[in-house]
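Small disclaimer: the values here were computed from a predicted structure and weren't measured. Below, chain A is the first sequence line, B the second, and so on; all start at residue 1. Worth knowing before you read on, the calculation uses all heavy atoms, side chains too, and leaves out hydrogens, waters and symmetry mates.
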Amino acid sequence: MEPVRYIDAITQRYASLGYAAYRWYVADTPPPFAPLKKKLSQSRMGVLTTSGCYAAGQVAFHYKDDASIRLIPMDTPVDRLRFAHITENYLVDARRDPECLVPLTALRALRDDGVVGALADSVISCMGGIYSQRRVREELIPQVEGVFKQQAIDVALLVPM
Amino acid sequence: MSLAARHLEALGIPTLCLGSALDILEAGAPPRAVFVDYPLGHSTGKPFDRADQARVLRAALRAFETIATPGDITRLGAAWGDDSWRAQAAATRGDDTRMPRDTSPQYQTEDDRRLAEGG
């Protein structure tokens, strides 16, 4: 089966409803590339999820360009994970089993097995449905960068929803 | 996500994006990506299937060390097993499934609201 082409499908769906097209980021230059400085088995890995995950007790995300972040401790019990994302329709399973988007058990197992050297103490979480690319660049990304620097990570795993 | 990946990579932090929308990954051109052909909302595996989640993540992380060309996207061999979701995901007609754009926190449960507000 060919993979679903979401951009075409959603653009046509919105057009049929009379809505403006969502502006996905489209790169116009080749990506930068930083080679690993050491093996993954010797690296500390940070994790960013754009699923709108929060832990019970934290303030949930809102749906209008929320550019804030939450830190989800890596040892959070899975039954404490929640989600708030503007496209809630994709969260039906994650609200039953959060690990199909935030796989804390698998991450800890890969650390314990030595596949990855160490994990940052928290997963960074944000609400990926931000319409303003300016706010992503100027507000969200600097926060992510700051936390990753504090966490002294060597590599970063980014998991979009 | 691709914007963040490219920014971090430019700072010298190697990144890997693990996603299930191939065309959105292609458009954003992150430095390294892994595509898992599952319905959106399942980037790290099937619900309540810890073995699948572990397989997906373990296979994905290999791409940190196997992708040598900037922008390469590795396709995982994982199969969802039932393709009935594809028609709805690819539909070009249908309702707007987004929630209203509101600035109040959208708690999953009322208990979450009470906990967060200290009530």
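- Of the atoms belonging to B/Ser104, it is backbone heavy atoms, and not side-chain ones, that fall under 4.5 Å from chain A.
- Interface remark: B/Leu61 contributes backbone and side-chain atoms alike to the contact with chain A (heavy atom separation under 4.5 Å).
- Contacts of B/Asp111 classified as salt bridge (Lys or Arg N to Asp or Glu O under 4.0 Å), with partners at least two apart in sequence or in another chain: B/Arg114.
- Only the side chain of B/Arg75 has a heavy atom closer than 4.5 Å to any heavy atom of chain A.
- Contact between B/Glu9 and A/Ala34 at its shortest, heavy atoms only, is OE2-N, 2.7 Å.
- Ionic pairing of B/Arg50 and A/Glu99 is present here: one or more N-O contacts between side-chain nitrogen and carboxylate oxygen are shorter than 4.0 angstrom.
- Of the possible donor and acceptor atoms, one in the side chain of A/Arg13 sits under 3.5 Å from a partner among the backbone N and O of B/Ala91.
- With a 6.0 Å cutoff to the six-membered ring centre and a 45° limit on the axis angle, B/Arg101 counts as a cation-pi contact of A/Tyr131.
- Residue with the most contacts toward chain B among A/Pro35, A/Ala55, A/Gly128, A/Pro103: A/Pro103 (heavy-atom pairs, distance under 4.5 Å).
- Proximity of a side-chain donor or acceptor of B/Thr44 to a complementary backbone N or O of A/Leu101 within less than 3.5 Å is detected.
- Contact count against chain B (heavy-atom pairs under 4.5 Å) is highest for A/Pro160 among A/Pro30, A/Pro160, A/Ala84.
- Shortest non-hydrogen contact noted between B/Phe64 and A/Leu157 is CZ-N, 4.3 Å.
- With a 4.5 Å cut-off on non-hydrogen atoms, A/Asp113 touches chain B through its side chain but not through its backbone.
- A donor-acceptor contact shorter than 3.5 Å links the side chain of A/Lys37 to the backbone of B/Gly12.
- By a heavy-atom distance cut of under 4.5 Å, B/Pro31, B/Arg32, B/Phe35, B/Asp37 are the residues of residues 31-38 of chain B near chain A, going up by number.
- Atom CD1 of B/Ile24 is separated from atom CD1 of A/Ile10 by 6.0 Å, given to the nearest 0.5 angstrom.
- A donor-acceptor pair shorter than 3.5 Å can be found between the side chains of B/His42 and A/Asp93.
- A/Val159 and B/Ile13 end up in different hydrophobic clusters when Ile, Leu, Val, Met, Phe, Trp and Tyr side chains are linked at under 4.5 Å.
- A salt bridge links B/Asp112 with A/Arg82: at least one charged nitrogen is closer than 4.0 Å to a carboxylate oxygen.
- For B/Asp83, the part lying under 4.5 angstrom from a heavy atom of chain A is the side chain only.
- Counting heavy atoms of neighbouring residues, nucleotides and ligands inside a 6.0 Å radius, atom CD of A/Gln42 exceeds 12 of them.
- The residues A/Asp97 and B/Lys46 are annotated as not salt-bridged, no charged nitrogen and carboxylate oxygen being separated by less than 4.0 angstrom.
- Looking at B/Ala68, only its backbone comes within 4.5 Å of chain A, counting heavy atoms on both sides.
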